[in-house]
Amino acid sequence: MKPASSPPDLSRIGGRALREVFETLLSFSVTEVSEVPPAGDESEDYRLVGIVTLNGDRLSGNVRLQLPEDFARLAVSRVVRDHGGEGPADLGIEDLVGELCNMIAGRVAASLRPEGYAALLDPPVVLRAAHLLPEPGPAREWGRTCWSCEGHVLTLEIQCRYPGP
Amino acid sequence: MTPKVLSVDDSKTIRLLLARLFRPFACEFFAASNGEEGLAIAAEQRPDLILLDYNMPVMDGIAMLRRLREDPELRRTPVIMLTAEAGCESMATVARLGVRDYVTKPFREEQLLAKAGRIIPLIARPEAPPVPPDPPPIP
């Protein structure tokens, strides 16, 4: 399929994907918020970062989901409680963050395909890192949105490069 | 005979969700974290249904599916594909390899159970017990 003349709106695509995944898997509602600087609170600044790489003929990039570790614990509790688990110990927070990112990336890829940018996903990678700030890059290749969920701030970034024909 | 369900997924979260989801249906539930492990368990247990992730390290869902279809003992095993990627072009390949159905993650439980119930009739949403008839009037 021929790519669309204007690049896809990555912020809109990512936001829709994040909402769908959080509402379906976790039954959490999310609200988009303006860019939030690091709070200086270590527990919030120390984050789990899920990364899924997208690979295609006309697109390469990644989807990056940053969550405070406290939020990831809360999400694990939600999944385990909703499914009758004994406690969060039987489910790793890294695994859940990776899976959340994978599901979001899957929906992002599904939205990019009809616009002419088909891509496959690599398995998710999860890192622990200090609050990662946006990397510089052309606006057309970046989508970055911040979300409030259950009192925590989450960040979703999508970076796409569109090599020429 | 107790139906056997095998989940092959690299995510512990998904394996846990599926184990819990199928627990009420008196299924024997098995889990593997990649295609290679999945093939070994499938050969040993002969599952009635495989819930197969598409994107996994070591051996992905497509590779496991091809191996299953080459095995005369396992080639007819029903498979439902679980994928994070809705509308993936490779779904055409999956369909050619005889996958019964697929669901997109995160899945809605009712949706997955309905698809599994078409393969294993025992699996259906537990229904509320019928309301007993009114007792006869006391004379």
Side-chain angles (χ1 to χ4, degrees), chain A residues 1 17-28 50 52-57 63 72 75-76 78-114 118-126, chain B residues 7-25 27 29 31-38 51-64 81-94 102-113 126:
Chain A
M1 181 182 287
L18 183 138
R19 269 205 182 91
E20 288 173 0
V21 168
F22 274 59
E23 286 170 6
T24 307
L25 185 68
L26 302 172
S27 303
F28 283 162
V52 171
T53 302
L54 307 171
N55 292 303
D57 291 340
V63 174
V76 167
R78 168 59 67 98
V79 169
V80 173
R81 190 191 66 210
D82 283 358
H83 295 272
E86 295 75 31
D90 58 356
L91 185 60
I93 57 174
E94 291 90 349
D95 185 85
L96 180 60
V97 172
E99 197 53 35
L100 284 170
C101 191
N102 188 43
M103 291 173 185
I104 292 169
R107 285 173 187 244
V108 168
S111 297
L112 291 173
R113 182 170 294 106
L120 296 176
L121 313 182
D122 281 354
V125 173
V126 179
Chain B
S7 161
V8 186
D9 201 303
D10 59 324
S11 167
K12 194 175 175 183
T13 304
I14 298 297
R15 297 197 304 270
L16 178 78
L17 292 180
L18 293 174
R20 299 272 157 75
L21 184 60
F22 283 86
R23 185 181 283 172
F25 302 102
C27 298
F29 189 87
S33 61
N34 60 61
E36 214 168 84
E37 279 181 28
L51 304 167
L52 181 59
D53 187 21
Y54 183 85
N55 194 16
M56 290 181 289
V58 183
M59 181 190 286
D60 67 16
I62 293 279
M64 177 177 167
M81 210 84 189
L82 303 182
T83 173
E85 247 187 298
C88 178
E89 283 168 0
S90 299
M91 285 301 126
T93 310
V94 161
Y102 77 92
V103 293
T104 307
K105 296 192 281 186
F107 47 81
R108 297 200 181 275
E109 294 180 358
E110 296 79 6
Q111 180 196 26
L112 179 57
L113 288 175

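This structure is a prediction, so every number in the text was calculated from the model and none was measured. Scope of the values below: all heavy atoms of this structure, side chains included, with no hydrogens, waters or symmetry mates. Labels below follow one simple rule: chain letters A, B, ... track the order of the sequence lines, proteins then strands, and each chain is numbered from 1.
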Among B/Arg15, B/Met56, B/Lys105, single out the residue with the greatest number of heavy-atom pairs under 4.5 Å to chain A.
B/Lys105
Judged by atom type as modelled, is there a donor-acceptor pair below 3.5 Å linking the side chain of A/Asp95 to the main-chain atoms of B/Lys12?
yes
Flag side-chain contact, heavy atom, 4.5 Å: A/Leu54 against A/Leu120
no
Once rounded to the nearest 0.5 Å, what's the spacing between atom CE of B/Met59 and atom CE of B/Met64?
8.5 Å
Among A/Ser111, A/Pro123, A/Ala105, residue most engaged with chain B (heavy-atom pairs, under 4.5 Å):
A/Pro123
For A/Glu94, does the CD atom sit with more than 12 other heavy atoms under 6.0 Å from it, leaving out its own atoms?
yes
Please classify the contact between A/Ala17 and chain B as side chain, backbone, both or neither, with a heavy-atom cut-off of under 4.5 Å.
neither
